[in-house]
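Before any comments, here is the structure.
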Amino acid sequence: MNPAPRAGGGAGARHRLLGALLAAVACCLVGASFTANSVLGDYPHAGGQALRYGLACALLLPLAGWRGRVGRGGRGVRGGRGPDGQPAGRLRKLTGRQWARLAGLAAVGMVGFNLAVLAAEGSAEPAVPGVFVGCAPVVVAVIVPALDGRRPAPAVVAGALSVAAGAFVVQGWGRTDTAGLLWSAAALGGEVGFAVLAVPVLRPLGPRLLSAVACGLAAVESALLGLVLDGPGWLRAPDGGEAAALLWQAVVVTVVGFVFWYVGVQRIGAERATLFSGLIPVSAAATAPLVGTGGYGTAQAAGSLLVALGVALGSGVLGGGSVRLPGRGSRGRPVPRRP
């Protein structure tokens with residue numbers, strides 16, 4: 001199930017290191033985006049997500065080699081080089097089960113995740129869903145190997161526990177009620193789904209086309225959700241600040257962040273890549289003083305060290321550990337964070 005390839009020697013170490021760096025950058029971008037989220041407090045939520053994901057899809061399709069036309073027999077015209085050529089042809093080869101996974105990825109890991117966080121913050125302080133989401137590395141470290149017919153790697157589980165503890169220390173705890181806890185748990189499920197549901201379709205699509213298709217589906221799902229929940233007012237023209245925030249979310253957090261994230265998943269595996277989600281609250285805490293929305297004190301520094309320790313321990317990149325992954329002959333199925 002895990003798409004990361006085997007690689008040995010110095011080339012393998014560089015391969016894993018690049019994947020780790022890309023996953024880290026993606027999660028830092030998500031953490032820094034919390035400032036943009038605060039600007040969009042009065043904008044219709046579903047409409048904003050539809051705009052964000054729709055624009056991201058439009059930008060990602062050319063990056064994935066899509067040229068907007070189809071050749072004879074429905075075959076996609078080749079655009080670009082390497083694994084992202086002929087996107088229409090690869091989409092046609094997807095099974096119904098794979099399309100269902102993509103729809104679930106968009107619904108659970110993107111639209112549902114954002115809705116759950118918003119609902120949780122309606123009756124709980126923001127730290128509460130943050131702490132729950134910070135447990136995603138632990139869940140993924142157990143679920144992904146189980147789905148692949150493997151035992152969880154002790155180093156990855158230990159690293160995930162350290163990352164979760166560090167995220168808790170960075171954010172602290174806050175006021176909540178039963179509804180807040182339930183919605184926070186749903187947000188945790190969305191974060192896990194964003195990694196796990198994508199793994200079986202990452203190899204046939206590649207990071208860029210996978211991101212484009214997921215964003216397109218999420219845009220449609222957000223629009224439908226907006227019509228149901230908000231009626232005619234689900235979408236309006238954003239003002240200057242809102243437009244800038246939506247552009248940041250679409251271009252930087254979604255286009256750059258999603259592609260970086262899935263390249264990281266491809267190179268080091270979903271359970272190791274998800275360790276870097278602990279950098280989301282660290283990045284948010286580190287950038288909060290820049291806009292006057294929070295401070296970075298002793299607790300945040302201590303939590304950041306715990307996150308760094310967990311990432312270093314679980315990823316095996318800094319320690320030079322090998323990433324042992326199943327190949328074609330394993331019991332795993334052939335072929336892992338959203339803001």
Check your understanding: Of the options Lys93, Arg90, Gln98, which is the one that meets Pro204 in a side-chain contact (heavy atoms from CB on, under 4.5 Å)?
Key -> Gln98
**Study point:** Hphob cluster co-occupancy, Leu59 + Trp248, side-chain heavy atoms under 4.5 angstrom
**Key:** yes
Check your understanding: Can you list every pair that meets side chain to side chain donor-acceptor pair (under 3.5 Å) and has a residue in residues 159-170, with sequence neighbours left out?
Key -> none
Review point. Shared ILVMFWY cluster between Leu61 and Tyr262, side chains joined below 4.5 angstrom?
Key: yes
**Study point:** Exam field: side chain Asp230 to backbone Gly233, donor-acceptor pair closer than 3.5 Å
**Key:** no
**Study point:** side chain to side chain contact (heavy atoms under 4.5 Å, CB included) between Val138 and Val157, intermediate numbers included
**Key:** CA-CA 6 Å; Val138 180; Val157 174; 5.5 Å; no
Practice item. Mind listing the closest non-hydrogen atom pair of Gly206 and Gln266 along with its distance? Key: CA-NE2, 4.5 Å
Study note, to complete from the structure: When every non-hydrogen atom of Ala218 is compared with those of Val111, the smallest separation belongs to O-CG2, 3.6 Å
Check your understanding: What closest approach, in Å, do Leu306 and Gly166 show between heavy atoms, and which atom pair accounts for it?
Key -> CB-CA, 3.6 Å
Point to revise | pair Leu55-Leu246: side-chain heavy atoms closer than 4.5 Å | key: no
Check your understanding: Do Leu91 and Trp99 have side-chain heavy atoms sitting under 4.5 Å apart?
Key -> yes
Exercise for review: Rounded to the nearest 0.5 Å, what's the gap from CD1 on Ile268 to CZ on Arg272? Could you check?
Suggested key: 8.0 Å
Exercise for review: Compare every heavy atom of Ala270 with every heavy atom of Val144, then report the nearest pair and how far apart it is.
Suggested key: CG2-CB, 4.1 Å
Exercise for review: Taking all non-hydrogen atoms of both residues into account, name the closest pair between Gly109 and Phe194 and its distance.
Suggested key: O-CD1, 3.7 Å
**Study point:** Donor-acceptor contact present, side-chain Gln249 to main-chain Ala245, <3.5 Å
**Key:** no
Check your understanding: Under a 4.5 Å cut-off applied to non-hydrogen side-chain atoms, are Trp173 and Val128 in contact?
Key -> yes
**Study point:** Same apolar cluster: Leu115 and Trp234, side chain cutoff 4.5 Å
**Key:** no
Review point. Can you tell if the side chain of Ser211 reaches within under 4.5 Å of the side chain of Trp261, non-hydrogen atoms only?
Key: no
Review point. Got Leu305 and Leu309 here, is their nearest side-chain heavy-atom distance under 4.5 Å?
Key: no
Review point. Which value, rounded to the nearest 0.5 Å, describes the distance between Leu102 atom CG and Leu197 atom CG?
Key: 9.5 Å
Review point. Would you say Val170 and Leu275 are hydrophobically clustered, going by side-chain heavy atoms of ILVMFWY under 4.5 Å?
Key: yes
Exercise for review: Answer yes if Val265 and Val142 sit in the same cluster of Ile, Leu, Val, Met, Phe, Trp and Tyr residues linked by side chain heavy atoms under 4.5 Å apart, and no otherwise.
Suggested key: no
Point to revise | Main-chain N/O of Arg16 paired with Arg267 side-chain donor or acceptor, under 3.5 Å | key: no
Revision key, fill the gap. When rounded to the nearest 0.5 Å, the distance separating OG of Ser222 from CZ of Arg52 is 9.0 Å
Review point. With no hydrogens and no angle check, is any side-chain donor or acceptor of Ser123 less than 3.5 Å from a backbone partner on Gly180?
Key: yes
Review point. Is there a donor-acceptor pair under 3.5 Å between the side chain of Ser283 and the backbone N or O of Cys28?
Key: yes
Review point. Nearest 0.5 Å, what's the OG1-CG distance between Thr254 and Leu60?
Key: 8.5 Å
**Study point:** Gln300 (side chain) donor-acceptor with Gly297 (main chain) under 3.5 angstrom
**Key:** yes
Review point. So which heavy atom on Arg236 is nearest to which on Asp239, and how close?
Key: NH1-N, 4.5 Å
Practice item. Supply the atom-to-atom distance Leu105 CG to Leu217 CG, rounded to the nearest 0.5 angstrom. Key: 8.5 Å
Check your understanding: Under 4.5 Å between any side-chain heavy atoms of Leu94 and Leu205, yes or no?
Key -> yes
**Study point:** Side-chain hydrophobic cluster, 4.5 Å single linkage: members besides Leu224
**Key:** Val220
Review point. If you round to the nearest 0.5 Å, how far is CG of Leu209 from CG of Leu63?
Key: 11.0 Å
Exercise for review: Could you tell me whether the side chain of Phe276 reaches within less than 4.5 Å of the side chain of Leu21, counting heavy atoms only?
Suggested key: no
**Study point:** Any Phe258 side-chain heavy atom under 4.5 Å of Tyr53 side chain
**Key:** yes
Exercise for review: List the steps, then state whether side chain to side chain contact (heavy atoms under 4.5 Å, CB included) holds for Leu188 with Phe113.
Suggested key: CA-CA 8 Å; Leu188 169 60; Phe113 172 81; over 6 Å; no
